[in-house]
Structures are given as C-alpha cells and as structure tokens.
> 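Sending over a structure as structure tokens; questions will come in a sec.
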Amino acid sequence: MLSVARTGVASVKNSVRSVSALATRDVLVKGPHAEVSELKNGLRVSTENNGRPTTTVGVWIETGSRYENESNNGVSRLLEHMVHKGTGKRSEAQLESELSSIGAKLVSETSRDHTAIFVQSASQDLDSAAIEGEKKHLLSALEEAEEDHMGVVMDNLHAAAFQGTSLARSPLGNTNGIKSLDASTLKQWQADHYRPVRMIFSAVGGVEHGKLTQLAEKYFGDLSNSYPGQIPHSDGVRFTGSEFRFRNDNVPHMYGAIAVEGVGHGHHDALALRVASQFVGQWDVTHGSSYNAPSKLVQQVSHGYNLHAFQNFSLNYKDTGLFGVQFICKGDSLDDATSIARWLQHEWKHLSSAVDEEEVNRSKNALRTQLYQALETNTQKAAFNAKELLHTGGVRSLVDIEDSLEKLDKTAVREAVSRHVYDRDIAASGVGRTEAWPNYANLRYGMSWWKL
Amino acid sequence: MASLVRSGSTASKMICGSNQQLPSNIGSTLATAKAVDVSSTPTTPYAMQKAVTVPARQNSLFTNNIAVKGVNVTSRRLAHTDVTFPDFSKYRRESTLDTSKHARDTEDERRALPVAVYYGVGGMMSLWAGKEVIQTMVAYKAMAADQRALASIEINMSDIPEGQTKTFEWRGKPVFVKHRTKAEIAREKAVNVADLRHPQHDNERVQKDEWSVVIGVCTHLGCVPIANSGDFGGYYCPCHGSHYDGSGRIRKGPAPLNLHVPAYAFKDSSIVIGSN
C-alpha cells in the first residue's frame with residue numbers, strides 16, 4: 001500500500017514537472033520578441049513591445065574599465081555620472097524637471113565591459129566644476145566601497161585572475177586615476193568610445209519598433225563612426241591562477257571567493273556552466289534548510305564549519321569569464337576554511353563526472369526561476385537584449401534559451417565542467433580574517449581526483 | 001590624533017606618537033619633541049615616520065639613546081583599487097607573456113613537461129612495480145628451491161674412463177653417461193639411418209662424439225635397461241628384450257623409440273645435465 005502511494009506521488013510529481021516545463025515554453029512562445037534593426041551609421045536598435053504601460057529606453061555602450069589604463073582608471077564611470085549633470089541642450093535642473101514631469105527616471109551603471117544609460121543620451125558639454133564635484137563623489141564612493149567587503153573580494157579576484165590585463169581594473173577607478181581626470185580626458189574618452197557601432201539603443205515596454213527607430217535616427221543618426229583618437233582596445237583575456245589575500249582582522253569575518261576561468265557571453269558552454277553554477281547553489285544562515293537541503297553542498301557545509309553564507313557566480317564577459325563561489329565564514333579555523341573549500345571542490349568534481357539527470361533537472365529549474373524572474377522587469381530585459389547584441393551580434397529570444405536549456409543534459413554539463421573546471425587553475429581572493437585562508441597549493445590539488 | 005591633522009593647517013601642532021606625559025623632574029637635559037609644522041606634511045612614508053619619531057632623550061636613567069617610535073598619524077589607508085598587483089612577468093613562461101592569448105591556448109606546451117615527467121617516470125615506476133609483483137607471484141608459484149636445486153646434476157668427466165658407462169640419478173630417473181671409444185664412435189656413425197626404426201643419426205644425439213648421454217628409461221614400458229649389454233654394444237632392457245646401440249637408438253625388440261636425450265651441456269671438465 002505504501003509503495004503504491006509512493007509511486008503515485010512520484011508520478012504526480014513527474015507529471016507536474018513535465019506540465020510546468022511545457023507551460024514555460026508555451027508562455028515564452030506567446031511572449032514578446034525583440035526586433036532589431038540597424039541605422040545607417042551602424043547604431044543598432046532593439047525593441048521589445050510587451051504592451052506594458054512603462055518603458056525602459058536606454059543606450060548600452062561598449063566601454064568600461066576594460067578599456068581603461070592605470071592612469072585613467074575610473075574615467076568611464078565618471079563620464080557615465082556626468083550624464084546626470086545635464087547635457088548640452090539641458091541643464092541638470094532642466095533635465096531633472098523634464099524627466100520628473102513625465103515620471104521618468106535616469107539611471108546609469110558602468111561595469112567592466114559596458115556602460116548603460118537608461119532614458120537619456122550622452123552629454124555634449126562638460127562643465128569643469130561639475131566634473132570636480134563628481135570626482136569628489138566618486139572618491140568618496142571609492143572609500144565607501146571599502147566597506148563592501150564582498151565587492152572588494154570580487155575586485156581583488158579580478159585583479160589577481162586577470163593580472164596584467166585591463167580586466168583586472170575595477171570600474172570604481174583608483175584614487176590617482178580619478179584625481180587626474182579632466183574635461184579633455186573625458187571628451188577624448190567620449191569621442192573614442194561613444195560611437196554608433198559600439199552602441200545599442202535598446203527599449204523594452206509599451207513601445208513600437210518603428211517609432212523608436214525613427215527617434216533613434218533623429219537623435220543618434222548624426223553620430224559618425226570616424227575615430228579622431230584611437231580605436232578602443234580591450235587589452236587581454238589572459239587568466240592566471242593566483243591568489244590575493246587582504247588580511248584585516250578588524251573585519252569580523254573571512255570574505256572569500258574561489259574561481260576558475262569561465263567562458264565568454266556567447267560561448268557554447270555558457271549555459272551549461274550556469275546550470276552547473278546553480279547546482280552549487282547558494283545558502284546563508286537565514287535559510288531554513290541545512291541537513292534537509294536538496295543540495296548536497298548545503299547539507300555538508302551548512303553546519304560545523306562556521307560558514308555564514310555562500311553564493312555561486314558565473315560571470316560572462318565578452319570573451320572570457322569567471323566561474324566560482326563566494327563565501328563568508330568566521331575565519332578562525334584553517335580546518336573549517338579548508339573543509340568548506342574541499343566540499344565545494346567535491347561538488348565541482350562531482351559535476352564533472354557523476355552528476356545525474358535528476359540533479360541537472362533540479363539545477364535547470366533553479367536557473368529557469370532565476371533567469372526568467374530576473375528578466376521580468378523592462379530594465380533587466382532591455383539590458384539583456386543590449387548585451388546579447390553587443391556580445392554576440394544577435395538577440396536570443398527566451399524561447400531559444402528555453403530550447404537550449406531543454407536540450408541540455410547531464411552529458412553536456414559534465415563535459416562543460418570537465419573542460420572548464422576540473423583540474424583547472426584557480427584564482428582565489430580573501431578579505432578580512434584571512435589568517436586561516438587555505439593554502440593555495442592545497443586548494444589547487446583539490447581540483448582533481450586521482451584517476452586514470 | 002588623525003582629526004588633529006585634518007582639522008587645519010594654520011597652527012603649528014605638536015605631533016608625537018606617544019601621549020606619555022614626561023615628569024619634568026627627570027632631568028634638565030631631556031630633549032623635547034620637535035614641533036612639526038603640519039602645513040609642510042611629509043609625503044613619503046619614510047619621511048612621515050621620521051616626522052613622528054621623537055629622537056634622543058639622552059642621558060636619562062633608563063632611556064639612554066633610544067628613539068621613541070610614534071604612530072604615523074599621517075598615514076592613510078588607500079582604496080583597494082590603489083593596490084597594484086605585482087607584475088610577475090619575469091617569472092612567466094614566454095608563452096604566457098601575451099595577455100591577448102587565452103591561458104588555455106598555451107596550456108599544452110606548458111603542461112607538456114610535467115605531464116611527460118608524470119607519465120614517463122610514473123609509467124616506468126608502475127611497470128617496474130608490475131614486474132616485481134608478477135615476478136614475486138611467479139616465484140611463489142614456481143618450483144620449490146630445494147627441488148630446483150636438484151634440477152640439474154654435474155658429472156665429473158674424469159670419473160668415467162673411456163669405454164665405461166655410468167648411471168646417475170637425475171630428477172628421479174637414471175641417466176646413462178657413456179664415454180665412448182673410437183671404435184664405438186666409428187661404429188655408431190656408420191649405421192645406415194634408413195634401416196632404423198626411429199631414424200636418427202648419431203650426430204643428432206650427441207654433442208661431443210666421445211660422450212653419449214641418454215635417459216635410462218626404456219621407451220617400451222619404462223623399465224631401466226642394463227648398460228653395456230645387448231646385441232649392439234649399448235643397452236639391453238631385461239623386461240621385454242629391447243636392444244639399444246651405443247647411441248641409445250632402438251635396434252631390436254618391442255620399444256618404439258630411441259632412448260631420450262636430456263638437455264645437457266659441457267662445462268670445463270664436467271657435464272651438467274638439466275641445463276642447456
């Protein structure tokens with residue numbers, strides 16, 4: 001009787017699963033799709049009309065700290081911030097009042113390989129007083145960033161893993177770099193980078209493609225593709241197995257990250273690695289699960305090792321990436337820190353050789369939830385579309401992604417992880433109480449199994 | 001202290017690392033810390049440290065010629081992005097100097113040597129270990145040492161005068177060693193091979209003409225023949241009357257084959273039976 005009940009439950013579970021998978025695809029097929037067109041000067045316009053009352057319109061530009069050097073580190077972020085200070089046609093106050101009169105919001109961000117400015121275009125005239133003010137703001141933001149220990153861990157991780165290349169530089173900029181910036185550097189930067197072929201005009205919301213293309217033509221159509229300075233060059237993708245520890249015992253915990261070289265945005269293993277990343281999962285002390293968690297890693301590390309939190313990441317830049325885990329632990333025991341790393345590496349090795357279909361399915365569903373939920377908002381979707389265009393030259397629809405996710409099986413995950421994670425060099429970064437940080441050679445040794 | 005420095009640069013302020021209040025009665029020669037003008041703040045870390053170090057409280061009782069090191073109040077923690085990651089180019093292999101190449105692309109050549117060493121030395125060692133294991137196993141399963149010691153016997157040739165046949169025991173069987181005369185040799189060489197039941201020329205059965213070594217077991221039913229007897233000047237089997245000649249070949253009687261010739265070799269002045 002019991003076994004009958006069990007099989008009954010199992011079959012119900014399975015049918016619920018397959019129904020939900022079908023439903024996902026159905027919903028996605030019916031959903032809006034991005035339309036892409038290209039202006040005469042090479043600027044690409046992507047719109048997605050989902051019929052919602054709100055719209056995100058923005059420009060995504062292929063610039064960022066990757067293109068900077070030691071002496072101008074921070075310039076792309078400063079320029080991005082200057083947009084808020086008004087444009088050639090509108091003063092800061094005008095800009096603010098006009099935007100607020102229609103209830104709009106100007107948001108911008110700069111990462112390592114792109115800058116995004118939603119709602120408005122780039123500025124033309126740069127007021128030196130405004131620049132000085134913004135530089136002060138950036139410097140204080142830089143000081144504040146020191147308190148974001150995990151942010152420092154990730155910046156240091158890049159500094160170590162991509163040492164000698166421009167990916168090592170943080171978009172935050174460095175003190176001397178920010179101080180030395182002036183209007184001419186900014187203008188030069190703008191002239192070099194804000195070129196139509198490097199820009200994506202992306203909109204998601206209640207917006208017509210034709211109308212937006214016309215607007216783009218009107219406001220961006222006169223931008224030329226000639227480079228008065230030099231064509232921006234992102235220097236280097238070389239990954240180096242390395243370690244960066246910043247010990248500061250005044251910080252109450254050990255913050256750390258361990259990563260291997262990941263893949264670029266358009267790489268065929270990118271999706272498999274994201275699934276693998278989901279398999280590793282995330283956990284912190286506020287989670288209700290420990291021994292009873294579906295993830296074996298959580299079952300093992302959630303107790304006994306003074307771990308406070310861990311979180312997977314799989315970063316994809318244009319041509320390279322980082323795949324790993326960040327964690328926070330008490331940092332008072334080498335044994336604890338080593339055990340946490342060992343269990344993590346055990347999961348990576350398990351992924352490379354023994355992960356089964358059920359585990360892959362669970363990770364795929366987790367990724368679905370995360371991915372589709374994240375792309376619910378107009379802004380996220382617009383950014384997604386723009387980055388797809390910038391990095392791969394086309395926009396994959398969510399149906400395409402769902403299809404490739406559907407096709408992904410345990411073999412694909414095992415192969416991808418074997419290629420990119422198993423027995424690969426690691427980059428490690430620790431901040432805070434790092435006296436108990438595991439030995440690098442010991443960590444590296446844990447990346448493989450003894451096998452023929 | 002730090003706020004003191006930041007608060008302004010107008011007044012000359014006393015900066016010293018120690019807040020220690022020195023009692024005035026210690027000595028008149030007590031040197032006071034020099035006043036440092038904050039407006040001329042030293043820039044290098046060394047100069048900063050120097051500025052806050054109180055020099056020479058000379059001649060006091062316990063602090064003779066000691067410089068008191070102060071906390072460098074002008075130091076400021078830099079942002080994490082201001083830390084330059086060291087350049088390890090000098091230690092890199094040439095193949096990884098090009099930052100535009102993925103590390104993976106140059107990996108094969110970098111990993112070739114360690115892999116060759118790993119599998120080369122490791123392979124050799126595992127082959128050797130395998131050989132050891134197999135040899136040990138075979139030796140364990142093989143003939144016992146005391147038996148192997150009996151595997152061959154050595155016969156002193158001078159013990160057997162010409163024309164004599166002596167019997168030895170080898171591996172539980174009798175072996176006849178016959179020191180043949182010239183006449184016997186000539187006789188056995190002259191035998192017509194075609195007439196024989198088991199046709200073998202004498203040359204096939206001896207290594208040196210003077211010495212014929214055969215196993216003394218009749219090929220008929222396994223009796224031991226009698227040496228130096230029979231119709232042909234060789235061996236005679238008393239059981240059923242087989243006659244062998246001086247080379248141990250069957251000439252008459254029921255036996256189907258010649259007497260077997262064991263493996264033997266000549267060594268100095270002896271014959272070793274049971275070895276090649």
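Note that the structure is predicted; figures quoted are calculated from it, not measured. Heavy-atom basis, side chains included; hydrogens, waters and symmetry copies ignored.
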> Keeping D82(B) on the side-chain end and N174(A) on the backbone end, is there a donor-acceptor pair under 3.5 Å?
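No; judged by distance alone, with no hydrogens or angles, the pair does not exist.
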> Below 4.5 Å from any heavy atom of chain B, which atoms of H158(A) appear? Answer side chain, backbone, both or neither.
neither
> Where on A160(A) is there a heavy atom nearer than 4.5 Å to chain B: the side chain, the backbone, both, or neither?
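Both parts, backbone and side chain.
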> Would a distance-only check, ignoring hydrogens and angles, find a side-chain to backbone donor-acceptor pair under 3.5 Å from E146(A) to H80(B)?
yes
> Do any pairs count as a side chain to side chain donor-acceptor pair (under 3.5 Å) and have a residue in residues 132-143 of chain B, sequence neighbours left out, and if so which ones?
none
> Can you see which heavy atom on R111(B) is nearest to which on D423(A), and at what distance?
NH2-O, 3.2 Å
> If you count heavy-atom pairs within less than 4.5 Å of chain B, which of G74(A), G177(A), A159(A) leads?
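Most pairs with chain B among the choices: A159(A).
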> Taking CD in E435(A) as the centre, count heavy atoms belonging to other residues, nucleotides or ligands within less than 6.0 Å. Is the count above 12?
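For E435(A), atom CD is not crowded (no more than 12 foreign heavy atoms under 6.0 Å).
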> What's the spacing between T81(B) OG1 and N73(A) CG if we round to 0.5 Å?
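Separation between the atoms: 6.5 Å.
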> Work out which heavy atom in F85(B) is nearest to a heavy atom in Q163(A); give both atom names and the distance.
CE2-NE2, 3.3 Å
> Mind checking which of residues 88-110 of chain B sit less than 4.5 Å from chain A, heavy atom to heavy atom?
F88(B), R92(B), T96(B), L97(B), D98(B), T99(B), S100(B), K101(B), H102(B), A103(B), R104(B), E107(B)
> Counting only heavy atoms from other residues, nucleotides and ligands, does the tally under 6.0 Å from CZ of F266(B) exceed 12?
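Buried by this count: over 12 neighbours within 6.0 Å.
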> Would you say that more than 12 heavy atoms from the other residues, nucleotides or ligands in this model lie under 6.0 Å from the NE2 of H260(B), or not?
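Not buried by this count: 12 neighbours or fewer within 6.0 Å.
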